[in-house]
Amino acid sequence: MLPGAVVGWDLSAALALGIALGVPPAAAGELLPVIEAVMVAKLNEKMDHSHG
């Protein structure tokens, strides 16, 4: 665990949300890890700038 950093999302919850919104599970399974990686990097970058 890194204090003050985002390390990932609950992908099970994100997959369930996608399914509830009508996103095919296969598509969500392919796209969510890529989206997660970008969002985690951007959130951590934003936090670094706000604390710097």
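Not measured: the values here are computed from a predicted model. Keep in mind that the numbers below use all heavy atoms, side chains included, and drop hydrogens, waters and symmetry copies.
- For the atom pair CG of L17 and OG of S12, the computed distance is 12.5 Å after rounding to the nearest 0.5 Å.
- Annotation for V38: hydrophobic cluster partners, listed by chain and number, are none (ILVMFWY side-chain heavy atoms under 4.5 Å, direct or chained).
- Taking both residues in full, the closest heavy atoms of L15 and A28 are given as CD1-CB, 3.6 Å, listed atom of the first, atom of the second, then distance.
- A continuous path of ILVMFWY side-chain contacts below 4.5 Å connects L31 to W9, so both sit in one hydrophobic cluster.
- Note on M39: it does not cluster hydrophobically with V23, by side-chain heavy-atom contacts below 4.5 Å among ILVMFWY residues.
- At most 12 non-hydrogen atoms from other residues, nucleotides or ligands lie less than 6.0 angstrom from CD of E30.
- Distance check, rounded to the nearest 0.5 Å: CG of D10 to CD of E36 gives 9.5 Å.
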